[in-house]
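Let me begin by presenting the structure, written as structure tokens, before commenting on it.
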Amino acid sequence: MGIMFNEKTGEFHLYNGSISYIMKILRNGQMGQLYFGKQVAKREDYEYLVENRYRPVSAYVFDDEYSFSLEHLKQEYPSYGTTDFRMPALEIVQENGSKITDFKYVSHKIYKGKPGLKGLPATYVESEDEADTLELTLRDELLRVDMTLLYTIFGHENAIARSARFENRGGETYQITRAMSLCLDLPDDEYEWIQFSGAWGRERHVKTRMLQQGIQSVGSARGASGHFHNPFVMLKRPTADEFQGEVMGFSLIYSGNFLAQAEVDTFKVTRMMMGINPFGFSWCLKPGEEFQTPEAVMVYSAEGMNAMSQVFHRLYRTRLARGYWRDRERPVLLNNWEATYFDFTEEKLLKIARNAKEDGVELFVLDDGWFSTRCTETSGLGDWWANTDRLPDGIKGLSEKIEALGLKFGLWFELEMANKDSELYRNHPDWIIHTPGRHESHGRKQYVLDFSRKEVVDYIYDMVAKILSESKISYIKWDMNRNITECFSQGYGPERQGEIFHRYILGLYDLYNRLNTAFPQVLFESCASGGGRFDPGLLYYAPQCWTSDDTDAGERQKIQYGTSYAYPVSSMGAHVSITPNHQVNRMTPLKTRGNVAMFGAFGYELDLARLTDEERGIVREQIRFVKKYRRLIHTGTFYRLLSPFEGNFTAWMVVAEDKKQAIVGYFKMLNDVNREFRRLRLQGLDEEFLYHMEEDSEDIGAFYGSELMHIGMVTTDMSAGEVPAGKEPCCDFWSRVVVLNAE
């Protein structure tokens with residue numbers, strides 16, 4: 001691992017034994033991009049990669065030649081209007097109305113370790129030897145603005161973290177209207193673009209298409225990363241698959257409005273950019289002020305998509321998530337929401353908790369409806385004190401009673417919202433985000449609090465901190481059920497209204513950080529109507545996220561499969577719920593519901609007392625299994641084997657670091673008849689190890705790793721031919737979980 005600077009050629013080479021990133025100072029003082037990919041040999045001069053020549057109808061930088069045009073050069077952080085006509089990485093509006101900038105290299109710093117980003121989540125290192133960082137300082141002399149480009153290359157991961165910082169050293173005020181976190185110009189367009197899109201209840205479905213000349217993009221302008229698109233995309237070669245070929249992943253550590261974009265020019269150069277969505281964004285940069293972009297992470301793999309995902313999994317699980325719960329086993333929980341909705345009393349809750357304890361649950365979570373006048377979704381949000389009509393002894397009393405049962409206690413909040421029927425709104429109507437004189441749209445009769453204002457965040461913090469200080473609370477489910485409309489803050493002047501979306505996210509991060517600091521042993525799980533804000537930004541504060549409100553086992557296979565491309569298994573809240581499923585009205589076997597959910601942060605969304613004795617027995621076995629294997633499931637190497645987006649089967653597996661243990665999940669969506677014999681090739685095992693295989697606590701044989709990976713595990717089920725007498729037939733939504741233990 002290292003960063004080399006060749007002073008003679010002005011070239012920088014970042015490398016770590018697996019990947020190389022090469023760039024150089026161009027003749028006009030701007031930074032040019034030369035290469036990103038598998039590590040290449042170090043050499044004195046990479047000038048041969050700078051190709052530029054005369055082309056008709058182009059514009060040229062130097063008066064005395066017709067070859068140096070930024071339109072045909074690959075750049076690090078390009079601007080528009082000085083011979084480059086592609087979409088820029090930055091745009092700064094000056095007092096005279098000009099948007100032209102000229103940032104030229106001034107200096108650089110190379111050092112061990114990795115810096116944090118003020119007010120923003122970012123990856124980190126625990127030792128300076130884990131990473132090297134390059135800071136490039138460029139300056140626009142006319143504006144007297146410095147731009148610092150930050151690059152951190154990790155020693156043991158094929159990953160580079162990038163961001164940009166702007167500092168106004170002059171006397172004028174500027175408006176930054178575009179400031180991307182990452183720009184990468186690639187020399188060709190032979191890539192498939194893969195995005196992770198959907199809607200509420202079907203988040204992060206895999207969408208693939210070839211790059212074409214023009215612009216392909218996904219993004220959000222909702223004030224949150226959103227259900228509809230995720231701030232993560234991939235570029236892969238058409239011949240690449242899960243196990244071989246060239247793949248690049250791009251991920252933004254941010255929870256607000258974002259843009260991920262690939263622009264292909266007429267000469268097949270691909271410009272990949274990622275950062276805050278420029279739509280509706282501006283930042284007033286006054287003299288002496290700074291602006292820092294969020295961090296973006298890019299990962300390169302020459303061994304397919306699984307290898308790329310595994311880098312993100314390790315990095316985000318161990319060097320983005322942090323704190324007390326980062327490396328600890330997550331408790332098996334039961335949430336009361338689908339068991340009771342708003343219809344509960346303290347005694348009903350205690351009865352549900354007692355049954356949960358009997359079956360092995362470790363954490364009882366009280367969802368919506370416990371506070372103020374909250375009996376429906378139309379009132380109470382913003383008033384975070386207990387409804388003593390329902391809970392006579394308040395949250396303090398209930399939490400103590402739950403702990404007396406031998407369970408930990410968790411609580412639901414929706415801290416960013418208010419109902420108009422609330423004391424908060426009646427006392428502070430100006431604290432909701434709304435535009436004066438305009439109609440105020442609602443979502444579920446709730447309105448978004450203006451977290452861009454410190455006094456609003458302080459007020460919410462004080463209420464929550466009081467509850468947490470007085471009560472025995474081990475877990476918080478932090479929900480967010482509505483996006484921002486009529487975006488305007490009465491706390492800022494007109495020149496700063498373009499900042500409100502971003503300042504809102506900074507306020508959200510501040511509240512999370514203060515609560516993390518004050519209550520470090522509380523496990524936070526983020527939620528936004530399910531997966532509406534499942535992004536790396538929140539993993540920094542909450543190590544797990546409610547993956548989707550859709551708890552159907554069939555739909556969850558797609559949702560969790562898509563999510564796994566960037567996010568570790570430990571981050572996915574995954575629960576067993578009742579049937580018929582409340583989202584799709586589907587009946588699925590309890591066994592399959594558990595088999596899908598155990599590949600996540602495991603729990604239940606039901607009243608166990610309503611199950612039969614046989615079903616309660618299945619639940620107890622599921623919980624026993626999860627407790628035994630959850631560390632392996634959450635920290636092992638995850639492999640996708642069969643995609644639910646491509647057929648009737650889904651398969652994945654997780655392998656221990658020492659390869660001595662593995663767990664395979666295998667799922668059939670719809671049953672079939674008189675079908676072929678089937679095998680599933682496993683991955684990540686040791687070829688020499690003999691693995692004893694176990695299913696439902698029964699021995700099903702022993703096979704060498706080489707057999708299981710090259711011949712395959714036999715997955716033939718009862719749909720192959722006629723079902724033998726005494727054998728249980730398959731059904732729709734059938735599944736298996738197989739444990740492998742090496743001798």
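For this chain, numbers begin at 1 and follow the sequence in order.
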Is the terminal nitrogen or CZ of [X] (NZ for Lys, CZ for Arg) located under 6.0 angstrom from the six-membered ring centre of [Y] and within 45° of that ring's axis?
X    : Y    : value
R556 : W546 : yes
R178 : F281 : no
R165 : F291 : no
R204 : Y565 : no

Which atoms form the tightest heavy-atom contact between [X] and [Y], and what is the distance?
X    : Y    : value
L506 : G119 : CD2-O, 3.7 Å
W325 : Q521 : NE1-O, 3.0 Å
E295 : L252 : O-CD1, 3.6 Å
P88  : M180 : O-CG, 4.4 Å

Please report the C-alpha distance between F232 and F312 in whole Å, then the side-chain angles of each, then the deciding distance to 0.1 Å, and finally whether the ring pair (Phe, Tyr, Trp, His ring centres under 6.0 Å) criterion is met. CA-CA 11 Å; F232 169 71; F312 277 115; 5.5 Å; yes
Does the Q75 side chain pair with the main chain of L70, one donor and one acceptor, at a distance under 3.5 Å?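 Judged by distance alone, yes, a pair lies under 3.5 Å.
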Does any non-hydrogen side-chain atom of M23 lie less than 4.5 Å from one of L136?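 In short, these two side chains touch, coming nearer than 4.5 Å.
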Are side-chain heavy atoms of S564 and F638 found at a separation under 4.5 Å?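 In short, these two side chains touch, coming nearer than 4.5 Å.
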Strictly under 6.0 Å, is that where the ring centroids of [X] and [Y] end up?
X    : Y    : value
Y35  : Y46  : no
H108 : Y151 : no
Y541 : W478 : no

Can you check side-chain hydrogen bond (donor to acceptor under 3.5 Å, both in side chains) on T133 and T152, steps first, answer last? CA-CA 4 Å; T133 295; T152 295; 2.8 Å; yes
I'd like to know if R271 pairs up with D265 as an ion pair, taking the criterion as any Lys NZ or Arg NE/NH1/NH2 lying under 4.0 Å from an Asp or Glu carboxylate oxygen. no
May I ask you to say whether E290 pairs ionically with K118, meaning some side-chain N is under 4.0 Å from a carboxylate O? no
So if I apply the ring pair (Phe, Tyr, Trp, His ring centres under 6.0 Å) rule between H205 and each of Y561, F228, F645, which one comes out positive? F645
Set out, in order, the CA-CA distance, both residues' side-chain angles and the distance that settles side-chain hydrogen bond (donor to acceptor under 3.5 Å, both in side chains) for T208 and E192, then state yes or no. CA-CA 7 Å; T208 304; E192 290 179 338; 5.6 Å; no
Quick one, F534 with Y567, criterion ring pair (Phe, Tyr, Trp, His ring centres under 6.0 Å). Give me CA distance, side-chain angles, the key distance, then yes/no. CA-CA 9 Å; F534 198 121; Y567 303 100; 4.9 Å; yes
Is the number of heavy atoms from other residues, nucleotides or ligands within 6.0 Å of NZ (K112) greater than 12?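 Yes, NZ of K112 has more than 12 neighbouring heavy atoms, counting only those of other groups under 6.0 Å.
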